[in-house]
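Everything quoted here is computed from the prediction, not taken from an experiment. Lettering of chains follows the sequences in order, A, B, ..., and the numbering in each one begins at 1.
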Protein chains: 2
Amino acid sequence: MTQAQTLSKNQQIVLDIIEKANSPLKAYSILFNVQKKGINAPQQIYRALDKLIEMGKIHKIESKNAFVACRSSDCEISKATAFSICENCEMVDEISDTKLSKYLSSFSDKKGTKFKRFNLEFFGLCKKCK
Amino acid sequence: MTQAQTLSKNQQIVLDIIEKANSPLKAYSILFNVQKKGINAPQQIYRALDKLIEMGKIHKIESKNAFVACRSSDCEISKATAFSICENCEMVDEISDTKLSKYLSSFSDKKGTKFKRFNLEFFGLCKKCK
DNA sequence: TAACAAATGTTATATTATAACACTTTGTTA
DNA sequence: TAACAAAGTGTTATAATATAACATTTGTTA
Ligand SMILES: [Zn+2]
Ligand SMILES: [Zn+2]
Ligand SMILES: [Zn+2]
Ligand SMILES: [Zn+2]
């Protein structure tokens with residue numbers, strides 16, 4: 001039984017904002033949005049982001065330097081993440097596809113090496129933008 | 001018949017450095033290495049990098065903000081890239097695996113959406129670091 | 001050679017991320 | 001509960017990554 005993580009004040013503030021957003025948020029845009037709540041420095045944001053990523057509550061979209069809330073549960077502690085990213089608008093969707101996840105988690109390269117973790121980013125046009 | 005691209009002076013300089021390196025290079029580290037050749041500003045590096053990526057000569061390792069030469073030819077113009085990244089040392093290898101590439105290129109999500117492009121990054125320990 | 005596209009050189013600035021240090025809160029253990 | 005350790009906070013400063021804007025040059029094509 002994994003104990004439900006209790007979040008610290010700043011972690012909760014940052015997570016709330018990311019969860020409410022419907023597109024990936026950048027660290028500094030989060031910062032600007034929480035200045036009324038007494039958070040004034042990038043460090044405070046980045047520290048919260050780091051912990052939230054560790055806990056698997058959020059993911060970083062590497063190609064955008066932006067952060068989204070985890071909508072899945074396959075990606076246990078961010079070991080196996082996949083996203084679809086619209087090249088036109090800001091839309092990002094987390095892909096949770098058991099087959100894909102299994103295929104990639106068990107993938108080994110030509111030397112037989114297996115990997116602990118992967119991150120996959122698909123690019124295309126979302127429904128709206130087609 | 002695709003005509004062999006001729007590279008501009010700066011593009012060639014930047015590509016040479018990236019090809020000689022055996023680990024991913026960062027933009028500013030490339031910059032420092034070419035100052036003797038008369039390139040003085042980040043813009044000149046980033047412009048060359050952009051073109052080289054477009055041509056498929058190099059790839060960006062998104063999780064590292066660093067650049068590697070393309071060692072494959074499956075990844076036609078960077079539409080389908082996959083890498084293994086050592087979490088300990090700087091090692092990055094381009095994975096060229098036809099099955100993997102085909103599987104991902106033809107992947108469609110639950111709504112049936114297909115994608116134009118993907119980038120996959122695996123993380124683990126390389127042979128040396130195990 | 002005139003016209004246009006691509007590349008270059010340069011200065012300035014924007015954006016993303018971390019270092020370092022002092023302090024406080026929380027959780028654990030004697 | 002006192003003592004300690006671990007995690008979190010607040011703050012200032014700075015490093016690292018990336019783009020904007022503009023003037024000029026080079027290369028290509030009609
Ligand atoms: Zn997730
Ligand atoms: Zn879209
Ligand atoms: Zn390649
Ligand atoms: Zn290694």
Indicate the atoms forming the closest heavy-atom contact of A:Ala48 with A:Val14, along with that distance.
CB-CG2, 3.8 Å
Go through B:Lys57 and B:Cys70 one step at a time and tell me if the side-chain contact (heavy atoms from CB on, under 4.5 Å) criterion holds.
CA-CA 5 Å; B:Lys57 302 274 189 191; B:Cys70 178; 5.9 Å; no
Distance below 4.0 Å between B:Lys51 side-chain N/O and C:dA7 OP1 or OP2:
yes
Roughly, in whole Å, what's the span from CG in A:Asn10 to P in C:dT25?
13 Å
Working note: A:Ser78 + A:His59, criterion side-chain hydrogen bond (donor to acceptor under 3.5 Å, both in side chains); need CA distance, chi angles, decisive distance, verdict.
CA-CA 7 Å; A:Ser78 302; A:His59 304 299; 3.1 Å; yes
Comparing B:Lys9 and B:Pro42 on DNA chain C - which has the more 5′ nearest nucleotide
B:Lys9
Among C:dG9, C:dA17, C:dA20, which nucleotide sits nearest the side chain of A:Gln43?
C:dA20
Could you state the atom-to-atom distance from CG of B:Asn65 to C1' of C:dT16 in whole Å?
9 Å
B:Phe83 to B:Thr81 - nearest heavy-atom pair and separation:
CE1-CB, 3.6 Å
Check step by step if side-chain hydrogen bond (donor to acceptor under 3.5 Å, both in side chains) holds for B:Glu121 and B:Asn119.
CA-CA 7 Å; B:Glu121 299 184 358; B:Asn119 180 54; 3.2 Å; yes
Heavy atoms under 4.0 Å, any strand shown: does A:Lys64 hit a base, just sugar-phosphate, or nothing?
nothing
If we call it a pair only when both distances are under 3.5 Å in a Watson-Crick or G-U wobble match, what pairs with D:dT17?
C:dA14
For chain A and DNA chain D, what are the first and last nucleotides along the strand, 5' to 3', with at least one atom under 4.0 angstrom from a heavy atom of the protein chain?
D:dG8 to D:dT12
Taking atom C1' of C:dT18 as reference, at what distance in whole Å does atom CD1 of A:Ile45 sit?
15 Å
Hey, is the main chain of B:Cys89 close enough, under 3.5 Å, to the side chain of B:Lys128 for a donor-acceptor pair?
no
Taking the six-membered ring for Trp and the single ring otherwise, decide whether the centroids of A:Phe123 and B:Phe115 are under 6.0 Å apart.
no
What is the distance, rounded to the nearest whole Å, between atom CD1 of B:Ile13 and atom P of C:dA7?
14 Å
Taking only the side-chain nitrogens and oxygens of B:Gln44, find out if one of them lies under 4.0 Å from OP1 or OP2 of C:dT8.
no
Which residues in residues 26-40 of chain B have a heavy atom closer than 4.0 Å to any atom of DNA chain D?
B:Lys26, B:Tyr28
Spacing between B:Leu49 atom CG and C:dA7 atom C1', to the nearest angstrom
15 Å
Nucleotide opposite C:dA19 in a Watson-Crick or G-U pair, distances under 3.5 Å
D:dT12
Please check if B:Phe122 and B:Val68 belong to a single hydrophobic cluster, counting links between Ile, Leu, Val, Met, Phe, Trp and Tyr side chain heavy atoms closer than 4.5 Å.
no
Among C:dG9, C:dT18, C:dA7, which nucleotide has an atom closest to any side-chain atom of A:Tyr46?
C:dT18
B:Leu7 CG to C:dA6 C1': how many Å, rounded?
13 Å
Counting only heavy atoms not in B:Lys130, do more than 12 sit closer than 6.0 Å to its NZ atom?
yes
